[in-house]
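Below: one structure, written as structure tokens.
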Amino acid sequence: MLTPFQYLLSGIYLTRYILYSRHELLLFEALQEGLEEEMERDIRVCVMGEDVGHYGGSYKVTKGLAKKFGDLRVLDTPIAENSFTGMGIGAAMTGLRPVVEGMNMGFLLLAFNQISNNCGMLHYTSGGQFTIPIVIRGPGGVGRQLGAEHSQRLESYFQSIPGIQMVACSTPYNAKGLMKAAIRSENPVILFEHVLLYNLKERIPDEDYICNLEEAEMVRPGEHVTILTYSRMRYHVMQAAKTLVNKGYDPEVIDIRSLKPFDLYTIGNSVKKTHRVLIVEECMRTGGIGASLIAAITENFNDYLDAPIMCLSSQDVPTPYAGTLEEVTVVQPAQIVTAVEQLCQ
């Protein structure tokens with residue numbers, strides 16, 4: 001028979017197990033787990049896209065789902081992005097909660113009409129009679145020698161569409177949390193995944209959780225400069241941060257995650273503290289997410305700035321196939337270090 005002290009001790013260990021029980025997943029596995037859990041929770045959730053069924057998706061995010069849920073809920077489609085995206089929007093209008101996979105985000109340009117004129121507008125143009133609870137997701141960003149057409153950054157293309165929410169995952173933890181939150185949302189959500197982050201590994205909680213679709217993540221608190229970034233560039237920034245700390249700088253790093261709308265509460269509090277802002281993105285410089293961030297910060301927090309906002313973006317050129325040239329077009333950690341040194345002079 002246990003003594004009172006042993007009962008107390010066992011309770012503490014049980015609580016610690018519940019609070020800290022975790023399992024290790026790659027990022028694509030975290031997306032798959034989040035999607036599978038939502039399909040189990042809600043029979044209205046379905047998946048459609050090219051090779052999402054028995055092949056398991058181009059990056060295996062839908063692996064095993066067709067066998068578990070059947071061909072009607074995990075629907076292989078023809079190579080016709082405009083058709084199956086439009087079908088997904090129609091399914092959402094009738095009460096389903098479809099998840100549409102673009103094999104590559106660049107291919108979704110073929111469905112731009114459906115995403116802009118239907119997905120983003122129908123709730124408004126129907127006078128609120130329809131909601132469009134659809135998730136559009138897939139791999140994008142600059143890979144390793146995938147060529148210009150398969151290295152697209154489409155965040156800037158979609159940000160101007162009224163009625164659309166946009167989020168970008170960067171870790172297995174937020175990939176699963178954002179996937180689940182996007183599926184549960186009543187709004188159309190575009191989930192951007194980076195092709196080079198699918199094999200990132202992290203321990204994530206066993207218990208159910210979601211991430212706020214409109215909330216940024218404080219990656220590293222600091223005092224000297226605010227660095228705003230997202231997706232793959234989070235890791236370039238953190239690599240640069242190590243060098244900056246060794247040089248005596250204390251950067252604050254924020255993964256904005258929500259590309260539309262911006263979390264101006266978190267961003268604003270950081271700007272008020274550091275008074276300097278550096279934006280690091282993989283998106284194109286002209287009309288990119290960084291340009292929108294500069295406008296938002298200038299409009300809302302200009303009086304708190306002690307220096308002009310700096311923005312490091314990809315060059316306005318098609319991504320070269322040659323590896324050395326491809327690297328030059330994307331922001332590198334050394335450039336981030338130099339930019340911070342200039343800002344903090």
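We count residues from 1, following the sequence as given.
Side-chain contact between Q145 and Y321: present, with at least one pair of heavy atoms (C-beta onward) separated by less than 4.5 Å. Counting heavy atoms from C-beta on, the side chains of R257 and V167 never come closer than 4.5 Å. Y249 places a side-chain heavy atom less than 4.5 Å from the side chain of C344. Side chains of R153 and E281 form no contact here, defined as non-hydrogen atoms less than 4.5 Å apart.
The existence of a salt bridge linking R137 and E101 is confirmed by a sub-4.0 Å separation between a basic side-chain nitrogen and an acidic carboxylate oxygen. Checked for salt-bridge contact, K180 and D208 meet the test: a charged N lies under 4.0 Å from a carboxylate O. Between D42 and R44 there is a salt bridge, since a side-chain N of the basic residue sits under 4.0 Å from a carboxylate O of the acidic one. By the 4.0 Å N-to-carboxylate-O rule, E186 lies close enough to R97 to be salt-bridged with it. We find that K176 and E37 are joined by a salt bridge, their nearest charged nitrogen and carboxylate oxygen being less than 4.0 Å apart.
Both I227 and M310 are assigned to one and the same hydrophobic cluster, defined by single-linkage of ILVMFWY side chains at heavy-atom distances under 4.5 Å. Hydrophobic clustering (ILVMFWY, side-chain heavy atoms < 4.5 Å, transitive): L178 and L197 are in one cluster. Residues V99 and I210 do not share a hydrophobic cluster, defined by chaining ILVMFWY side chains whose heavy atoms lie under 4.5 Å apart. At a threshold of 4.5 Å between side-chain heavy atoms, the hydrophobic network of Ile, Leu, Val, Met, Phe, Trp and Tyr places V277 and V219 in two separate groups.
The heavy-atom pair separating C169 from L27 by the smallest distance is SG-CD2, 4.4 Å. The nearest pair of heavy atoms linking V330 to S314 is CA-OG, 4.1 Å. G163 approaches P188 most closely through the heavy-atom pair O-CG, 3.3 Å. Minimum heavy-atom separation, F158 to I115: CE2-CD1, 3.8 Å. Minimum heavy-atom separation, D263 to A216: OD2-N, 2.9 Å. The two residues E81 and A111 come nearest to each other via the heavy atoms O-CB, 3.6 Å.
The structure places CG of N118 at 6.0 Å from CG of N113, a figure rounded to the nearest 0.5 Å. Atom OG1 of T226 is separated from atom NZ of K272 by 12.0 Å, given to the nearest 0.5 angstrom. Here the NZ atom belonging to K260 is positioned 9.0 Å from the OG atom belonging to S292, to the nearest 0.5 angstrom. In this structure, L312 CG and I279 CD1 are separated by 9.5 Å, a value rounded to the nearest 0.5 Å. Distance CG/L259 to CG/L213: 11.5 Å, rounded to 0.5 Å. Distance CD1/I256 to CG/L228: 7.0 Å, rounded to 0.5 Å.
Here the side chain of Q335 pairs a donor or acceptor atom with the backbone of Q332 at under 3.5 angstrom. E202 places a side-chain N or O within donor-acceptor distance of the main-chain N or O of Y173, the cut-off being under 3.5 Å. For S185 (side chain) and N187 (main-chain N/O), a donor-acceptor pair under 3.5 Å exists by modelled atom type. Judged by distance alone, with hydrogens and angles left aside, the side-chain atoms of T85 form no donor-acceptor pair with the main-chain N or O of N82 at under 3.5 Å. Listed for the Q32 side chain is a donor-acceptor partner under 3.5 Å among the backbone atoms of K63. Side-chain N or O atoms of R22 include one that pairs as donor or acceptor with a backbone N or O of R203 at under 3.5 Å. Under a 3.5 Å cut-off, the side chain of D306 and the backbone N or O of H275 do not form any donor-acceptor pair.
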Please determine whether side chain to side chain contact (heavy atoms under 4.5 Å, CB included) holds for the pair N104 and S58, giving the CA-CA distance in whole Å, both sets of side-chain angles, and the decisive distance to 0.1 Å.
CA-CA 9 Å; N104 181 281; S58 55; over 6 Å; no
Checking side chain to side chain contact (heavy atoms under 4.5 Å, CB included) for the pair L75/F84: CA distance, chi angles, key distance, verdict?
CA-CA 10 Å; L75 182 64; F84 67 73; over 6 Å; no
Take H236 and V280 through the test side chain to side chain contact (heavy atoms under 4.5 Å, CB included) and record every step on the way to the result.
CA-CA 9 Å; H236 282 210; V280 181; 5.6 Å; no
Give the C-alpha distance, both sets of side-chain angles, the deciding distance and a yes or no for side chain to side chain contact (heavy atoms under 4.5 Å, CB included) between M105 and I190.
CA-CA 10 Å; M105 290 303 265; I190 301 179; 3.8 Å; yes
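Looking at K273, R220, R276 one by one, the single match for side-chain hydrogen bond (donor to acceptor under 3.5 Å, both in side chains) with E252 turns out to be K273.
Counted within 6.0 Å of CD on E341, heavy atoms from surrounding residues, nucleotides or ligands total more than 12; the atom is thus considered enclosed. Atom OH of Y209 sits in a crowded spot, with more than 12 heavy atoms from other residues, nucleotides or ligands closer than 6.0 Å. With a 6.0 Å radius and a threshold of 12 heavy atoms from other residues, nucleotides or ligands, K60 has its NZ atom above the threshold. Environment of OH in Y304: sparse, with no more than 12 heavy atoms of neighbouring residues, nucleotides or ligands closer than 6.0 Å. For K242, the NZ atom counts as loosely surrounded, since its 6.0 Å shell holds 12 or fewer non-hydrogen atoms of other residues, nucleotides or ligands. Atom OH of Y157 has 12 or fewer heavy atoms from other residues, nucleotides or ligands within 6.0 Å. Under a cut-off of 6.0 angstrom, the local environment of CD in E24 is crowded, with over 12 non-hydrogen atoms contributed by other residues, nucleotides or ligands.
Aromatic ring orientation, Y198 versus Y59: parallel (interplanar angle below 30°, classes split at 30° and 60°).
There is a side-chain donor-acceptor pair under 3.5 Å between D206 and S21. Q159 and E155 are not linked by any side-chain donor-acceptor pair at a separation below 3.5 angstrom, with hydrogens and angles left out of the test.
Aromatic ring centroids of H150 and F107 lie under 6.0 Å apart.
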Name the atoms and distances for all side-chain donor-acceptor pairs under 3.5 Å in residues 46-57, with sequence neighbours left out.
residue, atom, partner, partner atom, Å
H54, NE2, D71, OD1, 3.1

